[in-house]
Amino acid sequence: MEKAFLTVENLSKRYTDDGLPVFDQVSFGIDKGEFVCIIGHSGCGKTTILNVLAGLEAPSGGVVIMDQREVRGPSLDRGVVFQSHALMPWFSVLGNVVFAVRSRWPDWPRAKAEEHARRFIEMVGLKGAEHKKPSELSGGMKQRVGIARAFSIEPKMLLMDEPFGALDALTRGVVQDELLKICSATRQTVFMITHDVDEAILLADKIFLMSNGPRARIAEVVVNTMPKTRTRESMHHDPQFYRIRNHLVDFLVHRSRRIQEAGAEDVVTRVVMPGLEQGAPDALADFPQAAA
């Protein structure tokens, strides 16, 4: 069986030697070009997992393998988009993206770096705003600059920590659409944290559901059975949308709490494919550790 592009094996994290781990025995795989969203209640360790994948934080146990190499620290092979845009205020839009490009290709002449940066600025719909400073941009525009910057270094994997959480609903939808277009054009591998169930259904090929901490685990991997051509405007008319949405909400409201009460050490990861036919039961497969 072919190995996943990203493999996470028995990952755990504790902040004190005698404390309970925030999460424990977390295992999963992500294929190249796959878009994965992870959902769970605050405190289950989602951001810590993302930081470990980015190489910004060391795990207490376990290993992360990306493209057959162990992740041991930060790398330009992994682009990160945070909830706050983290732009350099003294640089223009173009300057912020060029800074990232030249960190990736330091030998490129300025003209080549600018040409490369402009391509990604145009991709996120900011053509004409290249010379504006972050203080002149709306929140949605700032976040699009952050996305352009992350894509401009052509990472093997993109890591996103609730990148649209601070945006209003209309702006959020516009930026989601831009992200979908770019991911479709580039076949980018993405791992994204979100608290928005509808956002996960729109963007993700698979949705990881984490049990509550401490000792959180990935309890379910939900395969998105909706067509890849789904859009924000059309997906609510598909009966599959409500089956998937109800399954996710039920996990967050009921099942995650029951799993915590039962003891996280008893968690068995399940792959769930909500039934394609009206009234059909979920298709389930149980695995002792990983489900990808």
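All of these numbers come straight from a predicted model, not from anything done at the bench.
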Next on the checklist: For a 4.5 angstrom cut-off between non-hydrogen side-chain atoms, does Val223 reach Val271?
Outcome noted: yes
Next on the checklist: Treating Ser92 as the side-chain partner and Gly95 as the backbone partner, does any N or O pair qualify as donor plus acceptor under 3.5 Å?
Outcome noted: yes
Checklist entry - Between Asp238 and Pro227, what is the shortest heavy-atom contact and its length? => result OD2-CD, 3.7 Å
Checklist entry - Are Val8 and Val64 side-chain neighbours, meaning at least one heavy-atom pair lies under 4.5 Å? => result yes
Item to check | Check: Phe251 ring centre within less than 6.0 Å of His247 ring centre | outcome: no
Item to check | Nearest-0.5 Å distance that lies between atom CZ in Arg230 and atom CG in Leu203 | outcome: 8.0 Å
Checklist entry - His131 side chain to Leu94 main-chain N or O, any donor-acceptor pair under 3.5 Å? => result no
Checklist entry - Of all heavy-atom pairs between Gly33 and Thr189, which one has the smallest distance, and what is that distance? => result N-OG1, 2.8 Å
Checklist entry - Considering all heavy atoms of both residues, which atom of Ala129 and which atom of Val93 are nearest to each other, and what is their separation? => result O-CG2, 3.3 Å
Checklist entry - Can you list the steps and then say if Ile49 with Phe191 is a side-chain contact (heavy atoms from CB on, under 4.5 Å)? => result CA-CA 10 Å; Ile49 291 174; Phe191 179 89; 4.1 Å; yes
Checklist entry - Are side-chain heavy atoms of Pro21 and Lys13 found at a separation under 4.5 Å? => result no
Checklist entry - Does Val249 belong to the same Ile/Leu/Val/Met/Phe/Trp/Tyr cluster as Met235, with side-chain heavy atoms less than 4.5 Å apart forming each link? => result yes
Next on the checklist: Same cluster or not: Val174 versus Ile182, using hydrophobic residues (I, L, V, M, F, W, Y) connected whenever any side-chain heavy atoms lie under 4.5 Å apart?
Outcome noted: no
Next on the checklist: Are the side chains of Pro134 and Asn96 in contact, using a 4.5 Å heavy-atom criterion?
Outcome noted: yes
Checklist entry - More than 12 non-hydrogen atoms from neighbouring residues, nucleotides or ligands closer than 6.0 Å to CD on Glu115, yes or no? => result no
Checklist entry - Between CD of Glu136 and CE of Met141, what distance do you get to the nearest 0.5 Å? => result 9.5 Å
Checklist outcome for this item: salt bridge (Lys or Arg N to Asp or Glu O under 4.0 Å) with Glu154: of Arg104, Arg119, Arg187, only one passes, and it is Arg119
Item to check | Single-linkage hydrophobic cluster, 4.5 Å side-chain cutoff, Val80 and Ile153 together | outcome: no
Checklist entry - Is there a donor-acceptor contact under 3.5 Å from the side chain of Asp161 to the main chain of Thr47? => result no
Checklist entry - Does any non-hydrogen side-chain atom of Phe5 lie less than 4.5 Å from one of Asp31? => result no
Checklist outcome for this item: When rounded to the nearest 0.5 Å, the distance separating CE of Met192 from CG of Leu179 is 7.0 Å
Checklist entry - Do Lys228 and Ser184 pass the side-chain contact (heavy atoms from CB on, under 4.5 Å) test, and can you show the C-alpha distance, the side-chain angles, and the key distance before you say yes or no? => result CA-CA 10 Å; Lys228 291 279 286 184; Ser184 176; over 6 Å; no
Checklist entry - Looking at side-chain heavy atoms only, is the closest gap between Arg118 and Glu114 below 4.5 Å? => result yes
Checklist entry - So does Phe99 have more than 12 non-hydrogen atoms from other groups sitting under 6.0 Å from CZ? => result no
Next on the checklist: Taking the basic N atoms (NZ, or NE/NH1/NH2) and the acidic carboxylate oxygens, is any pair closer than 4.0 Å for Arg172 and Asp196?
Outcome noted: yes
Next on the checklist: Ignoring hydrogens, what is the shortest heavy-atom contact between Gln83 and Glu162? Give both atom names and the distance.
Outcome noted: CG-O, 3.2 Å
Item to check | NZ or CZ of Lys206 within 45° of Phe208 ring axis and under 6.0 Å | outcome: no
Checklist entry - With side chains defined as the heavy atoms from C-beta onward, is the minimum distance between Asp67 and Asp77 less than 4.5 Å? => result no
Next on the checklist: Do Leu137 and Leu126 land in one hydrophobic cluster if side-chain heavy atoms of ILVMFWY residues count as linked below 4.5 Å?
Outcome noted: yes
Checklist entry - Tell me, do Trp90 and Lys133 make a side-chain contact under 4.5 Å, heavy atoms counted? => result no
Item to check | Transitive ILVMFWY side-chain link Val97 to Met88, under 4.5 Å | outcome: no
Checklist outcome for this item: Tightest non-hydrogen contact, residues Gln25 and Ser12, listed as N-CB, 4.3 Å
Next on the checklist: Within a 6.0 Å radius of atom CD on Glu233, are there more than 12 heavy atoms belonging to other residues, nucleotides or ligands?
Outcome noted: yes
Item to check | Distance (rounded to the nearest 0.5 Å) between Asp198 CG and Phe241 CZ | outcome: 4.0 Å
Item to check | Derivation of the side-chain contact (heavy atoms from CB on, under 4.5 Å) call for Thr48 and Tyr15 | outcome: CA-CA 11 Å; Thr48 304; Tyr15 288 99; 3.3 Å; yes
Item to check | Test: Asp24 and Arg14 ion pair at under 4.0 Å | outcome: no
Checklist entry - Do the rings of Trp108 and Trp105 sit parallel, tilted or perpendicular, given the 30° and 60° boundaries? => result parallel
Next on the checklist: For Leu159, run the side chain to side chain contact (heavy atoms under 4.5 Å, CB included) check against Val81, Val190, Leu53 and tell me which one passes.
Outcome noted: Leu53
Checklist entry - Atom CZ of Arg110 and atom CZ of Arg102: how far apart are they, to the nearest 0.5 Å? => result 6.0 Å
Checklist outcome for this item: Here the gap from Asp177 atom CG to Arg232 atom CZ, rounded to the nearest 0.5 Å, amounts to 4.0 Å
Next on the checklist: Under a 3.5 Å distance rule, please check whether Gln143 uses its side chain to pair with a backbone N or O of Phe82 as donor and acceptor.
Outcome noted: yes
Item to check | Atom of Ala117, atom of Val101 and distance for their closest heavy-atom approach | outcome: CB-CG2, 4.3 Å
Item to check | Backbone N/O of Gly128 and side chain of Glu130: donor-acceptor pair under 3.5 Å | outcome: yes
Checklist entry - Between Cys44 and Asn212, does a side-chain contact (heavy atoms from CB on, under 4.5 Å) hold up when you go through it step by step? => result CA-CA 5 Å; Cys44 68; Asn212 294 355; 5.7 Å; no
